[in-house]
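Labels below follow one simple rule: chain letters A, B, ... track the order of the sequence lines, proteins then strands, and each chain is numbered from 1. Hydrogens, waters and symmetry mates play no part in the numbers below; they use all other heavy atoms, side chains included.
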Protein chains: 2
Amino acid sequence: MQFDDKVPIYYQIKNQLYHEMITGELEPGDKLPAVRQLAVDMTVNVNTIQRALGEMITEGVIESQRGKGNFVTMDHERITQLKEALITEQLERVYQQLHALDLSDEDIIASLQNFIKQRGEQHV
Amino acid sequence: MQFDDKVPIYYQIKNQLYHEMITGELEPGDKLPAVRQLAVDMTVNVNTIQRALGEMITEGVIESQRGKGNFVTMDHERITQLKEALITEQLERVYQQLHALDLSDEDIIASLQNFIKQRGEQHV
DNA sequence: CATAGTGTTCTATTTGACTATTACACTATA
DNA sequence: TATAGTGTAATAGTCAAATAGAACACTATG
């Protein structure tokens, strides 16, 4: 896995796992790979995995069972909330940033539409 | 100035200065505040300012004159390129992130439009 | 009950970011 | 030419993130 060296790795791991939970790659009740396996997969130290999981356990999206493994919460509602929160967070950020670059609301939408359009043309 | 503790401060300072150059708060040829003044304004150490400016000097957007001060490049073209690059960077990132959250191209545009609409209603 | 597979905890070490402080180099000007 | 205002550089110290490695606690199972 490749990381952005401007953001803590444990933080990026959290986001990665969030994504898997939201896209359904990981479903409620699913068992996560063992921490040592995750560490290997992500070419990262076990402690770093533990740090990411620790926060997610505190947040209630993952439940840990000593000796058994780590499991995605059965609380579907929580996953839904998580997705909404992540989306809003992203939109909020890009809005703030582009607004700071002097783009109006209309400019922002137009530039995104244009970006996606061009992207579509490139990736055919 | 408030910083996001997930990203290096010197990096956020660079972005702040970029923004000022792009919005016209700082124009080509303008003299920047003295490094010690910037340090006070941003409640940050001089070395941290220096680190940010150092990179911007390397990039060619700021020119330093020992004993005189730091100045925004006279190269308008460079500023324009900078703005384009920053916008694309933001769009690229939000697109990747929302795409990873299973949103289609249409979903992404719709959610942004909806976000801006709701925001407009709130901030009246 | 031994063993393998889990999560958990702890200590030690390294690295990058940031701060604090001081000194140095150059420019403008009273 | 002295002084104030600038950028530049160097040293030392603190802190958080990450790594490495070991040990411990619990569960399942042959």
S.K.: A:Val44 versus A:Tyr10: any side-chain heavy-atom pair under 4.5 Å?
M.R.: no
S.K.: Base, backbone or nothing for each nucleotide of nucleotides 10-15 of chain C, written B, S, -, heavy atoms under 4.0 angstrom, 5' to 3'?
M.R.: B-----
S.K.: For DNA chain C, what residues of residues 2-20 of chain B have any heavy atom nearer than 4.0 Å?
M.R.: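 By residue number: B:Pro8, B:Ile9, B:Tyr10.
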S.K.: side-chain contact (heavy atoms from CB on, under 4.5 Å), that's the test. Do A:Leu98 and B:Leu91 meet it? Break it down for me.
M.R.: CA-CA 9 Å; A:Leu98 294 186; B:Leu91 292 175; 3.9 Å; yes
S.K.: What is the distance, rounded to the nearest whole Å, between atom CG of B:Asn45 and atom C1' of D:dA12?
M.R.: 13 Å
S.K.: How bent is the helix from C:dC1-D:dG30 to C:dA30-D:dT1, comparing axes over its five end pairs at each side, to the nearest 10°?
M.R.: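 The angle, to the nearest 10 degrees, is 0°.
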S.K.: Taking atom CE of A:Met74 as the centre, report whether more than 12 heavy atoms of other residues, nucleotides or ligands fall under 6.0 Å from it.
M.R.: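 For A:Met74, atom CE is not crowded (no more than 12 foreign heavy atoms under 6.0 Å).
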S.K.: Looking at A:His99 and A:Ile108, what are the two nearest heavy atoms and their distance?
M.R.: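 Scanning both residues, the minimum pair turns out to be N-CD1, 4.1 Å.
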S.K.: Can B:Gln96 and B:Glu92 be said to form a side-chain hydrogen bond (donor to acceptor under 3.5 Å, both in side chains), step by step?
M.R.: CA-CA 6 Å; B:Gln96 293 290 357; B:Glu92 181 76 38; 3.0 Å; yes
S.K.: Are any of A:Thr48's side-chain N or O atoms less than 4.0 Å away from OP1 or OP2 of D:dA17?
M.R.: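 No, outside the criterion.
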S.K.: Between B:Ser104 and B:Asp107, does the side-chain hydrogen bond (donor to acceptor under 3.5 Å, both in side chains) criterion hold? Intermediate values first, please.
M.R.: CA-CA 5 Å; B:Ser104 67; B:Asp107 290 339; 3.1 Å; yes
S.K.: Counting only side-chain nitrogens and oxygens, does A:Arg51 get under 4.0 Å of the OP1 or OP2 atom of D:dA18?
M.R.: no
S.K.: For a side-chain contact (heavy atoms from CB on, under 4.5 Å) check, start with the C-alpha distance between B:Val72 and B:Leu32, then their side-chain angles and the critical distance, and finish with the verdict.
M.R.: CA-CA 7 Å; B:Val72 178; B:Leu32 272 64; 3.6 Å; yes
S.K.: Flag yes if more than 12 heavy atoms outside B:Gln2 fall under 6.0 Å of its CD atom; otherwise flag no.
M.R.: no
S.K.: Using the side chain to side chain donor-acceptor pair (under 3.5 Å) rule, collect all pairs that involve residues 69-83 of chain B, keeping only residues at least two apart or in two chains.
M.R.: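 Checked against side chain to side chain donor-acceptor pair (under 3.5 Å) - neighbours excluded - the pairs reaching residues 69-83 of chain B are B:Ser64-B:Asn70.
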S.K.: Using whole Å, report how far CD1 of A:Ile49 lies from P of C:dT6.
M.R.: 14 Å
S.K.: Any side-chain heavy atom of A:Leu86 within less than 4.5 Å of one from A:Glu89?
M.R.: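 Side-chain contact under 4.5 Å: yes.
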S.K.: How many Å lie between CD on A:Glu63 and C1' on D:dT27, as a whole number?
M.R.: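 Roughly 18 Å, once rounded to whole Å.
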S.K.: What pairs meet the side chain to side chain donor-acceptor pair (under 3.5 Å) rule with one or both residues in residues 12-39 of chain A, with sequence neighbours excluded?
M.R.: A:Lys14-A:Glu55, A:Lys14-A:Glu59, A:Gln16-A:Glu20, A:Tyr18-A:Glu59, A:Gln37-A:Asp41
S.K.: Between B:Ala52 and B:Ile13, what is the shortest heavy-atom contact and its length?
M.R.: CB-CG2, 3.8 Å
S.K.: Provide a list of protein-nucleic acid N or O atom pairs under 3.5 angstrom, restricted to nucleotides 3-7 of chain D.
M.R.:
| unit_1 | atom_1 | unit_2 | atom_2 | d |
| --- | --- | --- | --- | --- |
| D:dG5 | N2 | B:Gly67 | O | 3.2 |
| D:dG7 | OP1 | B:Val35 | N | 3.4 |
| D:dG7 | OP1 | B:Asn70 | ND2 | 3.3 |
| D:dG7 | OP2 | B:Val35 | N | 2.8 |
| D:dG7 | O3' | B:Ser64 | OG | 2.7 |
| D:dG7 | N7 | B:Arg36 | NH1 | 3.0 |
| D:dG7 | O6 | B:Arg36 | NH2 | 2.8 |
| D:dG7 | N2 | B:Arg66 | NH2 | 3.3 |

S.K.: A:Ile62 has an atom CD1; how far is it from atom C1' of C:dT8, in whole Å?
M.R.: 15 Å
S.K.: Less than 4.5 Å apart, any side-chain heavy atom of A:Leu17 and any of A:Leu53?
M.R.: yes
